[in-house]
Amino acid sequence: MGTDAATEATDLDELRRAAGHCTACDLYRHATRTVFGEGPSDAQLMLIGEQPGDREDEEGRPFVGPAGRLLDRALEQAGIRRADVYLTNVVKHFAFEQRGARRIHRAPRAAEIRACRPWLDAELRVVRPDVLGLLGATAAQALLGRSFRITEHRGEVLEWEGYELVPTVHPSAVLRTPREQRHEAFDALVRDLTVLAGRVR
Ligand code: URA
């Protein structure tokens, strides 16, 4: 099943159900399930990540693994309640390479991001948030173009297709930062999220 339902469905439940059968790219063959976005259908803030990881693939919910836990802490420090946010990803199946018993995350391919795009567009159409937070280069480049550099624009309030948006790093980039600088990297993420919080009306 492709993504036709993305343009037809009028609410999130319908979209989530339809996306659960999506075969628009090959990722569905190896992933356990579609991990659709979650959060209030009238959320003012939408956060967009890259793709579900191993944990998300198992649980069927976005941002519930290590990066999600770090994001939860950063949101709290920025004064944002996770329950108020619509959280989603540009790609809704886990992309990985199998190495022995382990599934190692791999970046989604351009064709996979393209194939999945109608679901993100549908989430935007239904939720109509005021502000978008783009977590990491994959999300930022999916919306703003391949030449967009997070390092040059993180924490800035930009405009895109009638939305205000703020790009920042992906929480997993904070997790990958060497221990001595991790605190600083976390604080910088909180600062960017605080900018986002300030744009919510
Ligand atoms: N990383 C993401 O980009 N999204 C998730 O849902 C989990 C980890």
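First listed ligand is number 1; within each ligand, the first listed atom is number 1.
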For atom 4 (N) of ligand 1, which of the options D57, L70, I48, N89 provides the nearest non-hydrogen atom? N89
pair L45-L132: side-chain heavy atoms closer than 4.5 Å: no
Rounding to 0.5 Å, atoms CG (D121) and OG1 (T7) come to a distance of 10.0 Å
When you measure from atom 3 (O) of ligand 1 to each heavy atom in E38, R55, R61, H170, which option holds the nearest one? H170
Could you grab the distance from atom CD of E123 to atom OG1 of T88, nearest 0.5 Å is fine? 3.5 Å
Note: E56, heavy atoms under 4.0 Å from ligand 1, region reported as side chain
E50: numbered ligand 1 atoms lying under 4.0 Å from its heavy atoms: 2 (C), 3 (O)
What about G49: any of its N or O atoms under 3.5 Å from an N or O on ligand 1? no
Can you tell me if Q181 has over 12 outside heavy atoms packed within less than 6.0 Å of its CD? yes
For ligand 1, note which part of Q51 has a heavy atom under 4.0 Å away: side chain, backbone, both or neither. backbone
Parallel under 30°, tilted from 30 to 60°, perpendicular over 60°: which one fits the rings of Y28 and H93? tilted
Within the 4.0 Å heavy-atom shell around P62, which atoms of ligand 1 are there? 6 (O)
Using the rule given for salt bridge (Lys or Arg N to Asp or Glu O under 4.0 Å), can you reason through D57 versus R103, listing the C-alpha separation, both sets of side-chain angles and the distance that settles it, and then say yes or no? CA-CA 11 Å; D57 173 78; R103 303 191 299 173; 2.9 Å; yes
